[in-house]
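Contents: one structure, followed by commentary.
For clarity, every value in this text was computed on a predicted model and none was experimentally measured. When reading the values below, keep in mind they use all heavy atoms of this one structure, side chains included, and skip hydrogens, waters and symmetry mates.
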Amino acid sequence: MLALFDLDNTLIDRLEGLEDWARAFACSRRLPREAESVICDRLRERAYPADFVYLRETLGLSDNLGDLWHEYVDGIAGSVRCWPKVRDILEELRGTGWTLGIATNGPGDIQRAKLAATGLTSLFDGICVSEEVGARKPARVHFEVAAALCGTRLSAGGWMVGDNPETDMEGGRAAGLRTAWVANGREWTDGLREPDVVVRGVAEAIEAMRAAAA
């Protein structure tokens, strides 16, 4: 059985990692305290090299844009952490015969750096990053490529586990997958069809998936 996982705020705590990095970055440049909020607001949903054009101008930085991006990639990879017990439960799931994949939006260098830094890379049969494959969730082709990278097809069935109602849940459902929403303390978004299961974290999602497959 195939299980696809989103990365940011599903397997890892990106938001806390971003706040830690923004605090350290602002301190290293002796920027005012409000700079942390400017950085987090700009990068909260996603981060691309072009975002640092805005941040360089807004914060009055003189750094080379490429250097700023690489500093962010290295820094955020070192700041993010897996949610508790994530590695253990993924190893256990894989050991019971499930096929595991990553289906994530974002640039390839930063997403792969986070996977490597958190020790997750080797746990997955396939890693699908939107920038690398030219298709972003919720596009069906993203999920098709993710399944193919794992050595299977969407027609074989499976699950999508993620925190985003539109890209992960709506996209996963449209691709023919069952869906597990990692709520992170939120209420389900009004107006959208509810996912198959709503869970507090990945551990609960995996319990629900295994129970459904039994």
Side-chain donor/acceptor of [X] to backbone N/O of [Y], under 3.5 Å:
{"X": "Arg186", "Y": "Val182", "result": "yes"}
{"X": "Arg42", "Y": "Ile39", "result": "no"}
{"X": "Arg87", "Y": "Thr118", "result": "yes"}
{"X": "Thr10", "Y": "Asp163", "result": "yes"}
{"X": "Lys137", "Y": "Gly171", "result": "no"}

| query | Got a sec, which pairs hit salt bridge (Lys or Arg N to Asp or Glu O under 4.0 Å) with one end in residues 95-105, sequence neighbours left out? | reply | none

| Applying salt bridge (Lys or Arg N to Asp or Glu O under 4.0 Å), which residue pairs with at least one partner in residues 195-214 are found, sequence neighbours left out? | Glu92-Arg210, Arg200-Glu204

| request: Using the test side chain to side chain contact (heavy atoms under 4.5 Å, CB included), find all partners of Asp74 that sit at least two apart in sequence or belong to another chain. | output: none

| task | Using the test side chain to side chain contact (heavy atoms under 4.5 Å, CB included), find all partners of Arg81 that sit at least two apart in sequence or belong to another chain. | result | none

So, are [X] and [Y] salt-bridged, with charged N and O less than 4.0 Å apart?
{"X": "Glu91", "Y": "Arg94", "value": "no"}
{"X": "Glu71", "Y": "Arg29", "value": "yes"}
{"X": "Glu144", "Y": "Arg140", "value": "yes"}
{"X": "Arg44", "Y": "Asp41", "value": "yes"}
{"X": "Asp63", "Y": "Arg56", "value": "no"}

| said: Taking ring-ring contact (aromatic ring centres under 6.0 Å, His included) as the definition, give me every residue that meets it alongside Trp69, ordered by chain and number, with sequence neighbours left out. | reply: Phe52, Tyr72

| remark: OG1 of Thr104 to NZ of Lys114, rounded to nearest 0.5 Å, is 6.5 Å

| query | What's the spacing between Met169 CE and Arg193 CZ if we round to 0.5 Å? | reply | 12.5 Å

| remark: Heavy-atom nearest pair, Pro165 first then Thr189, reads CG-OG1, 3.3 Å

| Linked, directly or transitively: Phe25 and Val53 (ILVMFWY side chains, under 4.5 Å) | yes

| task | Establish whether Val80 and Val202 are linked, either directly or via other cluster members, by ILVMFWY side-chain heavy-atom contacts under 4.5 Å. | result | yes

Show me the donor-acceptor pairs, under 3.5 Å and distance only, between side chains in residues 149-157 and residues at least two apart or in other chains.
none

| task | List the steps and the verdict of side-chain hydrogen bond (donor to acceptor under 3.5 Å, both in side chains) for Asp125 and Thr99. | result | CA-CA 6 Å; Asp125 299 283; Thr99 298; 4.6 Å; no

| said: Is it the case that the side chains of Asp8 and Gln111 hold a donor-acceptor pair, with the cut-off being a distance below 3.5 Å and no angle test? | reply: yes

| request: Verify the distance criterion only: is there a donor paired with an acceptor across the side chains of Ser79 and Asp20 at less than 3.5 Å? | output: no

